[in-house]
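Data first, discussion second: the structure below is written as structure tokens.
Bear in mind that the values here come from a model prediction, so they are computed numbers and not experimental data.
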Amino acid sequence: MAGLVGTVTLNLALDVTYEVSELVVGGSHRVGAVRSRAGGKGVNVARVASTLGHPVLVLGFVGGVTGEAVAAELFDAGLTALLTPIRGETRRTVAIVNGVDGDATIFNEAGPSISADEWRAFGERMPWGRLGVLACSGSIPPGLPADAYAEIAVRARHHDVLTVIDAGGDALIAAAKAGAVVRANAAELREAVGDAGVEDGARQLVELGATAAVITDGARGMVAASNKGVWRALPVEQVSGNPTGAGDACTAVVAAAIAESAEPDWSVVLKSAVAASAAAVLTPVAGDIDLAAYRRWQPQVSVE
């Protein structure tokens, strides 16, 4: 299917969000609201891409009762999924959202160990012919190699599918060398290439082989680099809320743009990515965006 955005989440989770009036370490809290749904960074990417009108396919591993809950919630949410069964139990994450300032405190379980046979089965089930792009993001579960996403990128290139990989450190370098479009934040970029500055660091990733590099830079906006140049988009305004899904919203926009064109106009992509990231902060749960805010801000983002 042309334009299909496939998202890989190797460490799927059941995300549980608690809202409390104020988070006090060591204290007892009355929870005001509880939300529970399928999560992991790739699922968040799929949700945002779907909200923006793109067909999506969620790929990952599921196991145990928690895995059944994840699969059921994806179905209920209208997200098409192709999930590989495993013997281990799918992990859970807990986010505690502080009502005082909207900040979120996150607890992430490590996740189940993936066997060599399960990893092989995942690769064999990949529907390459249907994919317009493959977005890979989130932590690598125990049992898989640290460069698992880069390995997927290499396989994808053999099938003429471009990957977008959200990673940091050595995984970011491996993804760049594999020819992926890479996405990271400024701290992850520094971990990978040192204190070169965001623009120069993004250029370095392209020189290593990345098709493009998209780096979020906090209050300073966002940078994109390719072999055609470097662009910086400036945020429209400062927003407060839950920032946990902002990077995933950026990845969703980048992946959707590539599903439509292997060589998108990065200045246009950045405008949408900055607006979507900010609109994600306004929502209480990662994977959602405020569409009205996104549509209002997108034309206002300046790119230089």
Side-chain angles (χ1 to χ4, degrees), residues 3-12 40-46 49 54 56-61 82 84 114 116 118-141 143-185 188-189 191-193 201-215 224-227 247-248 250-264 266 269 273:
L4 180 65
V5 177
T7 69
V8 172
T9 312
L10 296 178
N11 214 359
L12 277 167
K41 293 175 70 64
V43 175
N44 297 338
V45 171
H54 300 275
V56 300
L57 177 67
V58 177
L59 300 133
F61 299 101
L82 180 61
T84 300
I114 307 299
E118 289 164 346
W119 180 227
R120 187 179 306 108
F122 176 82
E124 290 172 349
R125 301 185 73 192
M126 192 69 71
W128 297 114
R130 298 174 56 198
L131 299 174
V133 68
L134 193 61
C136 306
S137 53
S139 60
I140 305 295
L144 294 187
D147 63 350
Y149 286 138
E151 183 178 327
I152 291 174
V154 171
R155 294 180 191 173
R157 287 175 70 89
H158 290 310
H159 296 273
D160 296 323
V161 175
L162 192 58
T163 52
V164 179
I165 297 180
D166 178 353
D170 292 342
L172 177 59
I173 297 296
K177 291 180 177 179
V181 173
V182 294
R183 200 207 70 78
N185 60 40
E188 291 167 334
L189 179 67
E191 181 186 357
V193 302
R203 286 191 191 95
Q204 288 183 35
L205 293 175
V206 173
E207 290 169 359
L208 286 172
T211 298
V214 179
I215 311 299
S226 76
N227 59 10
D248 301 329
C250 171
T251 302
V253 168
V254 172
I258 291 171
E260 295 175 353
S261 171
E263 296 185 6
W266 288 105
V269 175

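- Closest heavy-atom contact between Ala150 and Ile165: N-CD1, 4.2 Å.
- Taking every heavy atom of both residues into account, Ala148 and Leu10 meet most closely at CB-CD1, 4.0 Å.
- Here the shortest heavy-atom pairing between Leu82 and Leu57 reads N-CD1, 3.9 Å.
- Residues Val5 and Ala259 approach most closely at CG2-CB, 4.0 Å, considering heavy atoms.
- A distance-only check finds a donor-acceptor pair linking the side chain of Thr9 to the backbone of Val43 [under 3.5 Å].
- Here the CG-CG distance, from Leu205 to Leu189, works out to 5.5 Å after rounding to the nearest 0.5 Å.
- One finds the CG atom of Asp166 at 12.0 Å from the OG1 atom of Thr7 (value rounded to the nearest 0.5 Å).
- Between Tyr149 and Leu144 the shortest side-chain heavy-atom distance does not fall below 4.5 Å.
- Taken to the nearest 0.5 Å, the CG atom of Asp147 stands 8.5 Å off from the CD1 atom of Ile140.
- Taking each heavy atom of Arg157 and Ala178 in turn, the nearest pair found is CD-O, 3.1 Å.
- Distance alone, capped at 3.5 Å, is enough to place a donor-acceptor pair between the Glu188 side chain and the Asn185 backbone.
- The CZ atom of Phe122 sits 5.5 Å away from the CG atom of Leu59 when rounded to the nearest 0.5 Å.
- In this structure, the side chain of Thr163 does not engage the main chain of Leu134 through any donor-acceptor pair within 3.5 Å.
- Judged purely by atom type and a 3.5 angstrom limit, Ser261 has no side-chain atom pairing as donor or acceptor with the backbone of Ala257.
- Expressed to the nearest 0.5 Å, how far CD of Gln204 lies from CD1 of Ile173 amounts to 8.0 Å.
- For the atom pair Phe61 CZ and Leu12 CG, the distance stands at 9.5 Å (nearest 0.5 Å).
- Counting heavy atoms from C-beta on, the side chains of Ser226 and Thr211 never come closer than 4.5 Å.
- Around CZ of Arg155, the count of heavy atoms belonging to other residues, nucleotides or ligands within 6.0 Å exceeds 12.
- Residues Val206 and Ala225 come closest through the heavy atom pair CG2-O, 3.5 Å.
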